[in-house]
Amino acid sequence: MDLEKFKVHGEPLIYGAMISIALATIGILVGLTYFKKWGYLWREWLTTVDHKKIGIMYILAALLMLFRGGVDALMMRLQTAAPEMKFLDAQHYNEVFTTHGLIMILFMAMPFIIGLMNVIIPLQIGARDVAFPRLNAVSFWLFFMGAMLLNISFVVGGSPDAGWSAYFPLASIEFSPTVGNNYYSLALQISGIGTLITGVNFIVTILKMRAPGMTLMKMPMFTWSVLITNIIIVFAFPVLTVALALMMFDRLFGSQFFTMANGGMDMLWANLFWVWGHPEVYIVILPAFGIYSEIIATFSKKNLYGYKSMVFSMVIISLLSFLVWAHHFYTMGQGVMVNSFFSITTMAIAVPTGVKIFNWLFTLRKGRITFTTPMLYTLAFIPIFTIGGVTGVMLAMASADYQYHNTMFLVAHFHYVLIPGAVFAVIAGFHYWFPKVFGFRLNERLGKHAFWWIIISFNVTFFPMFFLGLMGMTRRMYTYSEETGFGPLNMLSFVGALGLAIGFVILVYNIYWSTRYMPRDTTGDPWDARTLEWATPSPIPAYNFAIVPKVKSLDPFWESKQKNVPLYEDKITKIHLPNNTGKPFILGVIFFFLGFFLVFSMWIPAVVAGIGVLIMLGAMSFDRDEGFYVSAKEVEATEKKLRGETV
Amino acid sequence: MKIDASKPLEYSTEENSNKIFGFWVFLGAEIPLFATLFTVYFVMVDRFASGPSGAEIFEIGPVLISTFLLLTSSFTIGLAVHAMRLGYKKAMMFFMGITLLMGLGFIGIEIEEFLTYVHEGATLQTSGFLSSLFVLLGTHGAHVSFGFLWGVVIMIQLWRQGITPANANKTFIFSLFWHFLDVVWIFIFSFVYLKGLM
Ligand code: HEM
Ligand SMILES: [Cu+2]
């Protein structure tokens with residue numbers, strides 16, 4: 001075999017990355033062995049089917065990927081901080097902006113949201129688990145292995161380098177001859193299948209497992225947003241599946257889908273990619289809207305203003321999200337009529353979005369507002385996201401977009417939507433729900449420190465990019481000359497990026513500090529909140545609800561506190577739970593190898609791994625999980641202990 | 001596990017009815033999957049470069065046989081589910097067996113067809129049209145092959161454990177899958193073969 005193709009050459013940076021990956025891996029292995037934690041890891045995490053633990057693993061993976069994507073971002077900003085920098089060469093700059101985009105969207109924002117959704121949705125609807133707990137584990141491991149596959153590309157064989165949108169013909173074997181874009185097609189495929197399964201699982205969970213009395217119009221807003229998001233997933237991800245498969249066929253088997261000769265059509269890729277890609281943006285942003293809605297209602301001590309119009313506007317947004325894809329390539333020659341159509345649909349999205357913004361503002365109006373860390377992120381989100389939205393409408397005008405297209409103006413725009421729209425939201429949600437999962441709050445003082453660092457630095461980083469774009473600096477440009485005059489603003493942006501890094505360090509330090517020093521919360525409801533998840537004790541026991549609640553209104557927990565009506569009418573009885581299983585993890589590992597072998601066109605091992613996948617699926621079909629029961633006595637004891645009573 | 005005797009066996013537990021609903025949602029995802037493949041095919045259908053067009057390579061004979069096999073097998077899987085509802089394990093296994101055999105016949109004809117194309121010099125690499133043809137047919141064929149293996153696994157379980165709620169559930173879901181593949185095939189038959197031959 002040709003070992004050459006596994007190697008990545010040159011650059012001390014790459015060797016540094018290799019060494020640090022190797023050291024970290026050895027460190028983890030040694031640590032696990034030394035502290036005798038292998039059994040614990042296997043029993044409690046790798047084989048778990050508990051939606052809360054799966055959610056925590058999603059979030060941990062997302063934080064790890066935030067670090068990776070953030071380091072990529074810092075490297076890019078350093079490279080462009082001054083004219084003619086020699087930190088990254090053109091090829092590595094290409095690899096870095098490609099993996100940055102991919103990781104941030106697919107392996108950071110999305111899993112973070114899916115993690116929160118895993119932890120919270122069953123609790124918000126008063127259920128004991130998701131509809132298919134084992135399938136949920138399969139989803140997680142497929143996502144995780146896909147993420148790992150993409151991450152090793154940097155040191156084994158080389159990363160994808162044609163941008164996160166991988167336009168053809170650039171991404172074809174002819175113009176991107178390294179294995180990088182093979183990784184792209186396979187890593188995304190594997191994790192995409194996981195996401196699709198998540199979509200099915202949560203649609204069934206939300207539609208079929210709600211507590212008695214919770215009609216659709218009594219669902220919390222976060223649950224609504226997640227339901228709509230998952231419907232988008234189910235309709236959008238199959239398009240990505242096909243697009244990636246065709247890409248794989250083109251690159252590995254020489255088919256002619258996106259080629260320039262023999263009847264291929266390169267624009268077909270751009271269309272397929274964005275038919276999935278634009279809905280994808282809403283997949284990460286709609287749940288964020290849900291998170292903000294919960295936080296605003298809780299910390300204003302008011303019902304969400306305009307509940308029905310909130311739901312309705314999300315439905316409209318989800319429909320429109322499938323009708324705007326061509327706004328990503330107005331300049332690529334599809335003619336006036338097509339551009340006009342997509343221009344109008346794109347601008348139309350601003351209407352339901354505006355409705356939501358006003359609803360949030362009206363919820364705040366005359367509310368008794370408390371400025372907690374999650375609330376601060378929410379309040380910062382509103383104006384910043386609005387800047388993102390307004391610049392979005394500027395880009396939506398097809399004729400004007402000829403000026404902005406593929407400049408730093410665009411880069412500034414989408415960071416102004418994605419960062420407040422997704423990242424601030426998951427951070428806010430993380431602070432908000434943290435006590436539910438772990439039984440103590442994060443420190444508010446450190447939280448606010450981090451907040452101010454992040455908010456200010458965010459604007460310092462990205463606001464200058466609007467001007468850079470208008471001055472004519474194109475995106476994905478690895479360096480520029482002194483005369484362009486781009487230098488100072490880029491330096492400012494680099495300083496901002498450093499500030500963001502400091503903010504994130506404080507945020508992570510806060511997790512460490514709070515774990516050690518924060519007092520335990522025995523109320524289960526530290527924020528005086530409204531929805532069902534706060535009716536459980538913290539940290540949430542494995543079975544979630546000792547008794548399934550009866551829902552009579554929107555915000556049932558708030559009602560029950562205000563009017564002193566009981567949520568629970570039945571007695572505690574024994575509770576049925578599913579058993580753990582190692583099969584989803586093993587399936588994920590086999591998928592990882594299948595992907596890896598295909599990336600390097602190692603056909604025989606790939607066939608073996610493919611058969612392995614089939615065998616595992618067969619084995620899972622034979623599985624007969626009867627689950628087990630937690631006795632009523634045990635449940636009572638757990639409840640008392642978590643509520644701080646002595647047993 | 002609570003069993004509700006008023007419902008058919010395959011729906012009798014909450015888990016079972018959730019699984020069936022979940023599978024419908026999954027089929028909801030299969031629709032955009034095949035819709036995308038069809039779209040790609042329609043975009044590519046006239047882009048045969050220097051290779052052959054559909055009219056030059058399609059042969060109606062084998063296609064009719066495979067259509068007949070697949071449509072009939074959709075009928076026999078219906079009979080299997082009917083037998084299941086009546087509790088006739090042997091009849092059920094028999095009809096499922098027939099279904100799978102016809103599925104196997106279908107796959108055989110498809111492989112034969114692909115080999116003929118390749119033999120005539122019409123390969124995946126030849127043209128955009130042929131790439132999209134192979135991938136559209138291949139995806140459907142892969143679904144049928146996967147369905148075949150899945151059906152075998154279910155039959156083993158039926159044979160060992162009889163018609164339990166879990167097995168009834170699996171068989172029913174399998175039948176949904178099989179019918180769905182039939183529907184997709186009808187589209188392929190009409191819009192790929194018949195239209196191509198016209
Ligand atoms: C944390 C601070 C961040 C910084 C400093 C940063 C910086 C950058 C820069 C400088 C580029 C443009 C590279 C170029 O065109 O030369 C870029 C591209 C991009 N960023 Fe970020 N980014 C950050 C966070 C995020 C987040 C959170 C997301 C998504 C949720 C994201 C998504 C993207 C995408 C999709 C691209 C386009 C990649 C491509 O051109 O293929 N970024 N980022
Ligand atoms: Cu878009």
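Numbers restart at 1 for each chain; the letters A, B, ... are given by sequence-line order, proteins then strands. Because only heavy atoms are used, hydrogens play no part in the values below, and waters and symmetry mates are left out as well, while side chains stay in.
Residue pairs meeting the ring pair (Phe, Tyr, Trp, His ring centres under 6.0 Å) criterion with at least one partner in residues 103-126 of chain B, sequence neighbours excluded, are B/Phe106-B/His140, B/Phe106-B/Trp185, B/Phe114-B/Phe134.
Of all non-hydrogen atoms in A/Val204 and B/Asn18, the two that sit nearest each other are CG1-O, 3.9 Å. In terms of heavy-atom proximity, B/Ala29 sits nearest to A/Leu196 at CB-CD1, 4.0 Å.
Between A/Leu614 and B/Phe146, some side-chain heavy-atom pair lies under the 4.5 Å cut-off. Counting heavy atoms from C-beta on, the side chains of B/Ser131 and A/Gln256 come closer than 4.5 Å. Between B/Met44 and A/Phe257 the shortest side-chain heavy-atom distance falls below 4.5 Å. By the 4.5 Å heavy-atom criterion applied to side chains, B/Ile156 and A/Phe622 are counted as neighbours.
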**Request:** Report the C-alpha distance between A/Ser255 and B/Gln125 in whole Å, list the side-chain angles of each, state the deciding distance to 0.1 Å, and finish with yes or no for side chain to side chain donor-acceptor pair (under 3.5 Å).
**Result:** CA-CA 4 Å; A/Ser255 60; B/Gln125 294 87 3; over 6 Å; no
**Request:** Given side chain to side chain contact (heavy atoms under 4.5 Å, CB included), test A/Leu272 with B/Val40 step by step and report yes or no.
**Result:** CA-CA 9 Å; A/Leu272 290 178; B/Val40 171; 4.1 Å; yes
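The distance from atom CE of A/Met265 to atom CZ of B/Arg47, rounded to the nearest 0.5 Å, is 3.5 Å. To the nearest 0.5 Å, atoms CZ (B/Phe21) and CD1 (A/Ile203) are separated by 7.5 Å. With rounding to the nearest 0.5 angstrom, the CD atom of B/Glu15 is 8.0 Å from the NE2 atom of A/His576. To the nearest 0.5 Å, the span separating OG1 on B/Thr126 from CG on A/Asn262 amounts to 8.0 Å. Taking OG from B/Ser132 and CZ from A/Phe249, the interatomic distance works out to 12.0 Å, rounded to the nearest 0.5 Å.
Within a 6.0 Å radius of CH2 in B/Trp159, other residues, nucleotides and ligands contribute 12 heavy atoms or fewer. Counting non-hydrogen atoms of other residues, nucleotides and ligands closer than 6.0 Å to CZ of B/Phe187 gives a total of 12 or fewer. The environment of CZ in A/Phe253 is crowded: more than 12 heavy-atom neighbours from other residues, nucleotides or ligands sit within 6.0 Å.
If you measure heavy-atom distances from A/Ile231 to chain B, you find no contacts under 4.5 Å at all. With a 4.5 angstrom heavy-atom cutoff, A/Leu246 touches chain B only via side-chain atoms. In this structure, chain A has no heavy atom under 4.5 Å from any part of B/Glu30. Using a 4.5 Å cut-off between heavy atoms, B/Leu149 touches chain A through its side chain atoms alone. Of the two parts of A/Ile233, neither the backbone nor the side chain holds a non-hydrogen atom closer than 4.5 Å to a non-hydrogen atom of chain B. Residue contact with chain B, scored on non-hydrogen atoms closer than 4.5 Å, involves the backbone and the side chain of A/Phe235 alike. Heavy atoms of A/Leu617 lying under 4.5 Å from chain B belong exclusively to its side chain.
With B/Thr36 contributing its side chain and A/Val242 its backbone, the two residues share no donor-acceptor pair below 3.5 Å. Although no hydrogens or angles enter the test, the distance criterion places a donor-acceptor pair under 3.5 Å between the side chain of B/Lys170 and the main chain of A/Ser621.
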Would you be so kind as to tabulate the donor-acceptor pairs closer than 3.5 Å made by side chains of residues 127-135 of chain A, with sequence neighbours excluded?
| from | atom 1 | to | atom 2 | distance (Å) |
| --- | --- | --- | --- | --- |
| A/Arg128 | NE | A/Tyr543 | O | 3.4 |
| A/Arg128 | NE | A/Phe545 | O | 2.9 |
| A/Arg128 | NH2 | A/Phe545 | O | 3.0 |
| A/Arg128 | NH2 | A/Ala546 | O | 3.1 |
| A/Arg134 | NH1 | A/Asp623 | OD2 | 3.0 |

Determine all donor-acceptor pairs shorter than 3.5 Å in which one atom belongs to a side chain in residues 191-198 of chain B; sequence neighbours excluded.
| from | atom 1 | to | atom 2 | distance (Å) |
| --- | --- | --- | --- | --- |
| B/Tyr193 | OH | B/Glu113 | OE1 | 3.3 |
| B/Tyr193 | OH | B/Glu113 | OE2 | 2.6 |

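At a heavy-atom cut-off of under 4.5 Å, chain A is reached by no residue from residues 72-92 of chain B.
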